[in-house]
A.B. asks: 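First the structure, then my questions, so here it is.
As a basis for the values below, the full set of heavy atoms in this structure was taken, side chains included, without hydrogen atoms, waters or symmetry mates. Order of the sequence lines sets the chain letters (A, B, ...), proteins ahead of strands, with each chain counted from 1. Note that the coordinates shown come from a computational prediction; the quantities given were computed from them, not determined experimentally.
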There are 2 protein chains.
Amino acid sequence: MSEQNYCYKYPHPSVTADCVIFGFDGVSIKVLLIERGVEPFKGKWAFPGGFMNMDETAEECARRELEEETGLRDASVEQFYTFSDVRRDPRERVITVAHYALVKLSEVKGGDDAASARWFAMDEVPSLAFDHDRILRMALNRLKERICFEPIGFELLPEVFTMTELQNLYEAILEVTFDRRNFYNKMLKLGILMETEPRPDGAARRTPTKYRFNAEKYAELKQKGFRLEF
Amino acid sequence: MSEQNYCYKYPHPSVTADCVIFGFDGVSIKVLLIERGVEPFKGKWAFPGGFMNMDETAEECARRELEEETGLRDASVEQFYTFSDVRRDPRERVITVAHYALVKLSEVKGGDDAASARWFAMDEVPSLAFDHDRILRMALNRLKERICFEPIGFELLPEVFTMTELQNLYEAILEVTFDRRNFYNKMLKLGILMETEPRPDGAARRTPTKYRFNAEKYAELKQKGFRLEF
DNA sequence: CCTTATTGCGTTAATTTTACGCAAAGGTAT
DNA sequence: ATACCTTTGCGTAAAATTAACGCAATAAGG
């Protein structure tokens, strides 16, 4: 069974799709890594990824990897860059179409191979296999850019969340701090949040108001073209 | 010589790099297209592009295409998306890593095959071969986003230009109009323009001041982190 | 029970954006 | 040449937005 059945006149590179999976635990951004069990880079950590089938797009391939590791089918997945350095894989020429996925940690089930998978906070990520350090840096930059144009933050939060959690998320991604009261005002003024059951009138003020992302309102506003700006 | 010498255990897609080449003639954005001489899509227009060699990155491949068509070696080239739809090429599975290049029209020499190459204004672009309509749309969107973060406009203008030319460029890319006086103030306040010889004191006011992009000043500001915002 | 941290709701000052006025000077048409 | 229109440079004032921060109610912790 070691026949080489697929032959071409010119050499073809292998093509893989990698998936940088981001989550948020209420305090910091986390990324899911897989420990490699084989050479090259045996024992090092890397992103989930694999060879593209001939009947799927790069994004479909990345989604397949995502599902294998997290059980999630409908998370937000976005392609962000294709890495094609000639020697990025020591074995053979491999180019990889890199994606990032944003998942709600609460919905993640252990994947097929939970033993070798682990979530790392951004400041705990070890040196990675292949060129995955570079891939991670670029993924984070894209995340920063994207969150200024689209409310992707909500992909990372539970359905219902507090304003403080939302602020923590923005601060973690953008690596800045905001004045709590200004952030609060700005977010509410955007009009893309809805309060869940309004806190009972006499109830304790200390219990924070819970919000939900208002996708319909956002769709309206997007039509008219609006920026988030932070 | 029709031997099939490169054999693999699994099928591999072909990988190409395409290069959407943008220019600016002082009024509108132009794009360089090549008329296809062979099937499929014979007679239709398409972007320059070609198969990636095994010893070059996607960007190097795109630069090679750029040089073949324009003679330019040091233009700004940026990868923006990889298109991997299963049937995007009717002959075989081909995925393409799409780039855009920004060139100064005055520096473009005719390419190797000038006969079949032509510049089109954006509103004259015909229906294109393959999925190149989609590629163009995405290239334009990326251009719009990018110009809000980095002063890529200067890649499209001559070394020396007037404020009106700069405004026309921004308006053409973003498809908006600005108040001339506000644009003027905003641009000058950014501090990334330098006047060329200050207009002689008694000279005619009607002769517009000529500017030059101040790359050093921009590098400084970028360090501190700044946004362009339009 | 006292201290501290969190939440909600403001206000004010600083800054930025937007809209537009105006004069000098060069072109254009008659 | 003259009258008129356009382009350029330089402002200014109002409107809107951002940034800084005050404060009271109330949980939570010791």
A.B. asks: Report each atom pair, protein N/O against N/O of nucleotides 14-18 of chain C, whose distance is under 3.5 angstrom.
C.D. replies:
none

A.B. asks: Nearest-Å distance, CZ (A:Arg180) to C1' (D:dC21)?
C.D. replies: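 Taking atom C1' of D:dC21 as the reference, CZ of A:Arg180 is at 11 Å.
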
A.B. asks: Within this structure, what is the CG-to-P distance between B:Asp179 and D:dT12, rounded to whole angstrom?
C.D. replies: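 Taking atom P of D:dT12 as the reference, CG of B:Asp179 is at 16 Å.
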
A.B. asks: In chain order, what residues pass the side chain to side chain donor-acceptor pair (under 3.5 Å) check against B:Lys144, with sequence neighbours excluded?
C.D. replies: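 So B:Lys144 forms a side chain to side chain donor-acceptor pair (under 3.5 Å) with B:Glu175.
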
A.B. asks: Per the side chain to side chain donor-acceptor pair (under 3.5 Å) rule, what does the pair list look like for residues 160-170 of chain A, sequence neighbours excluded?
C.D. replies: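 Residue pairs passing side chain to side chain donor-acceptor pair (under 3.5 Å), neighbours aside: A:Gln167-A:Glu171.
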
A.B. asks: Excluding sequence neighbours, so at least two apart, what forms salt bridge (charged side-chain N to carboxylate O under 4.0 Å, His left out) with B:Arg137?
C.D. replies: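 Partners of B:Arg137 under the salt bridge (charged side-chain N to carboxylate O under 4.0 Å, His left out) test: none.
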
A.B. asks: What integer distance in Å separates B:Gln167:CD from D:dT7:P?
C.D. replies: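 For the pair B:Gln167 CD and D:dT7 P, the rounded distance is 12 Å.
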
A.B. asks: Identify whether the distance between the nearest side-chain nitrogen and carboxylate oxygen of B:Arg142 and B:Glu78 falls below 4.0 Å.
C.D. replies: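 Answer for the salt bridge query: no.
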
A.B. asks: Assign B:Thr164 to base, sugar-phosphate, or nothing according to its heavy-atom contacts below 4.0 angstrom with the strands shown.
C.D. replies: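 Sugar-phosphate, no base atom in range.
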
A.B. asks: Tabulate below the donor-acceptor pairs under 3.5 Å that side-chain atoms of residues 19-37 of chain A make, not counting sequence neighbours, or state none.
C.D. replies:
residue, atom, partner, partner atom, Å
A:Asp25, OD1, A:Val27, N, 2.8
A:Asp25, OD1, A:Ser28, N, 2.8
A:Arg36, NE, A:Pro40, O, 2.7
A:Arg36, NH2, A:Pro40, O, 3.0

A.B. asks: Of the residues in residues 168-175 of chain A, which ones touch DNA chain D at a heavy-atom distance under 4.0 Å?
C.D. replies: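 Contacting residues: none.
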
A.B. asks: Any salt bridge (charged side-chain N to carboxylate O under 4.0 Å, His left out) involving residues 180-193 of chain A? Give me the pairs, sequence neighbours left out, ordered by first then second residue.
C.D. replies: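 Every pair satisfying salt bridge (charged side-chain N to carboxylate O under 4.0 Å, His left out) with a residue in residues 180-193 of chain A: A:Asp179-A:Arg181.
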
A.B. asks: Answer with yes or no whether the side chains of A:Asp18 and A:Thr96 bring together a donor and an acceptor at under 3.5 Å.
C.D. replies: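 There is such a pair between these side chains.
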
A.B. asks: Establish, with yes or no, whether the OP1 or OP2 oxygen of C:dT7 is under 4.0 angstrom from a side-chain nitrogen or oxygen of A:Tyr184.
C.D. replies: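 For C:dT7, neither OP1 nor OP2 has a side-chain N or O of A:Tyr184 closer than 4.0 Å.
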
A.B. asks: Go through the structure and list residues passing side chain to side chain donor-acceptor pair (under 3.5 Å) with A:Lys44, not counting sequence neighbours.
C.D. replies: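 Residues passing side chain to side chain donor-acceptor pair (under 3.5 Å) with A:Lys44: A:Ser127.
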
A.B. asks: If you only use heavy atoms from C-beta on, which nucleotide in D:dT8, C:dG10, D:dG11 is closest to the side chain of A:Arg181?
C.D. replies: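 From the listed options, C:dG10 comes nearest.
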
A.B. asks: Check whether any side-chain N or O of B:Thr209 sits under 4.0 Å from OP1 or OP2 of D:dG9, and answer yes or no.
C.D. replies: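 For B:Thr209, the contact criterion (side-chain N or O under 4.0 Å from OP1 or OP2 of D:dG9) is met.
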
A.B. asks: Output the rounded distance in Å from CG (A:Asn185) to P (D:dC21).
C.D. replies: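 For the pair A:Asn185 CG and D:dC21 P, the rounded distance is 16 Å.
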
A.B. asks: Could you tell me how far apart A:Met163 (CE) and C:dG8 (P) are, to the nearest whole angstrom?
C.D. replies: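 Distance check: A:Met163 CE to C:dG8 P gives 8 Å.
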
A.B. asks: Quick one: B:Phe183 CZ to D:dC10 P, roughly how many Å, whole number?
C.D. replies: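 It works out to 16 Å between those atoms.
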
A.B. asks: Could you pull out all residues at least two apart from B:Arg63 that satisfy salt bridge (charged side-chain N to carboxylate O under 4.0 Å, His left out)?
C.D. replies: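 Applying salt bridge (charged side-chain N to carboxylate O under 4.0 Å, His left out) to B:Arg63 gives B:Glu59.
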
